[in-house]
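Each ligand, and each atom within it, is numbered from 1 in the order the structure gives. One is the number of the first residue; the rest follow in order along the sequence.
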Amino acid sequence: MIDLKDFEFDELAEFLKELGEPKFRAKQIFSWLHKGVESFDEMTNLSKNTREKLSKQCVVSTLKIREKYVSKIDKTTKYLFELPDGNCIESVVMYYKHGISICISSQVGCRMGCGFCASTIGGLYRSLTPGEILNQVIFAGKDIGERISNIVMMGIGEPLDNFDNVVKFLHNVNHPDGINIGYRHISLSTCGVVPKIYELAEKNLPITLSVSLHAPNNEIRSSIMPINKKYPIEELIKACRDYIKATGRRISFEYSLISGVNDSAENADELTGLLKGMLAHVNLIPVNKIEERDYHKGDKKEIRAFCERLCAKGINATVRRELGSDIQASCGQLRKKLL
Ligand code: SAH
């Protein structure tokens, strides 16, 4: 069966044309799908005949909420969604002053193997389809009953390891007849799949690219992020500089501070040297605890000192505020199972 949400708008129009439907149908159906209807029968401006024709070969895909956890501290809401094949993924809704943001997953599991991240334990099961990525935005939005205005692709999985589906999703979620979220309100985070950073630059989407750096040199980075052995830090930074040149967009570097691993004054200075003169921002994340690993965050004073040392040398850096800590909804804590 075809999930119509896997089509981009033009593909949907072409598909409907082949079914003998008039041109205006694409807009009607696209907009129903993205509003979150759960069956063709809810598409009330289609004739019965059209609805029957569609249901013979297509489905309106949905996500089932298996579990929902709401933070008592800040209302952050974590969903465990069940996919049609029984696999589960997590998405997190966060409430900010500037609007509501959702952190979504791009794969079931992850094969990147970062040492401090829970999402990669157990490896990769499969990549999500464009429809499954989009459904997280649709069904979380439907559940909270409010408009989601920002998206961060920072949940489970490596988005650039599922490149084509992620790009389709981005086109669809931005489409004016769908949810219509501006590219400038979307961030995509990668652990550093260098060739795909170049491909992304070619797509010319004004989204924010976040790069998980986490170390100022190859020795430390390779010890915590296996991807660094394939694409060492010099190649990654060159790709980032080229990305900035090609797109004119600032890159956001994520740096999880792990006590005794990458958080010394020397590490801060080396990081400064690496990023000097770049149109970039450094997002410092005190490492979050995951039960399988023995990484710890430093105390607040050490984290502030690291941040101030960067800022003093002209690097634009901030410490990321932690949300949803009581429901394991923070960076690196998402996984495909129940709490
Ligand atoms: N695969 C992509 C998307 C995941 S984004 C990527 O690597 O960028 C999630 C962010 O949280 C990444 O920057 C990731 O490195 C970071 N992260 C993972 N585990 C973490 C942990 N235990 N504490 C803090 N940040 C963590």
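Residues Leu334 and Val70 are members of separate hydrophobic clusters, defined by side-chain heavy-atom contacts under 4.5 angstrom among Ile, Leu, Val, Met, Phe, Trp and Tyr. Cluster annotation: Val93 is connected to Ile89 through the hydrophobic network of ILVMFWY side chains, with a link wherever side-chain heavy atoms come within less than 4.5 Å. The hydrophobic cluster containing Ile65 does not contain Val37, counting ILVMFWY residues as joined when their side-chain heavy atoms lie under 4.5 angstrom apart, directly or transitively.
Evaluated by nearest non-hydrogen atom to atom 25 (N) of ligand 1, the leading choice among Gly332, Ser256, Ser212 is Ser256.
Set against the non-hydrogen atoms of Cys191, the atoms of ligand 1 under 4.0 Å away are 6 (C), 7 (O), 8 (O). Atoms of ligand 1 lying under 4.0 Å from at least one heavy atom of Gly157, given by number and element, are 1 (N), 2 (C), 3 (C). Ligand-side atoms of ligand 1 in range of Val287: 21 (C), 22 (N), 23 (N), 24 (C), range being under 4.0 angstrom from any heavy atom. Heavy-atom proximity to His214, at under 4.0 Å, picks out these atoms of ligand 1: 13 (O), 14 (C), 15 (O). Within ligand 1, the atoms closer than 4.0 Å to a non-hydrogen atom of Met154 are 4 (C), 5 (S), 9 (C), numbered from 1 in the order shown.
For Ser105 (side chain) and Glu90 (main-chain N/O), a donor-acceptor pair under 3.5 Å exists by modelled atom type.
Contacts with ligand 1 closer than 4.0 Å are made by backbone heavy atoms (N, CA, C, O) of Thr190 only, the side chain lying farther away. Heavy atoms of Glu254 found under 4.0 angstrom from ligand 1 belong exclusively to the side chain.
In this structure, Gly155 counts as a contact residue of ligand 1, since one of its heavy atoms falls inside 4.0 Å of the ligand.
Under a 4.0 Å N-O distance rule, the pair Glu199/Lys203 does not qualify as a salt bridge. Under a 4.0 Å N-O distance rule, the pair Lys72/Asp326 does not qualify as a salt bridge.
Of all protein heavy atoms, the one closest to atom 23 (N) of ligand 1 is Asn288 N, 2.8 Å. Among all non-hydrogen protein atoms, the one lying nearest atom 21 (C) of ligand 1 is Cys331 O, 3.3 Å.
Identified under the salt bridge (charged side-chain N to carboxylate O under 4.0 Å, His left out) test for residues 6-17, with sequence neighbours left out: Glu11-Lys168.
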Review item, side-chain donor-acceptor pairs of residues 148-158, under 3.5 Å, at least two apart:
residue: Ser149; atom: OG; partner: Ile100; partner atom: N; Å: 3.4
residue: Ser149; atom: OG; partner: Ile100; partner atom: O; Å: 3.4
residue: Glu158; atom: OE1; partner: Cys191; partner atom: N; Å: 2.9
residue: Glu158; atom: OE2; partner: Leu160; partner atom: N; Å: 3.0
residue: Glu158; atom: OE2; partner: Thr190; partner atom: OG1; Å: 2.8

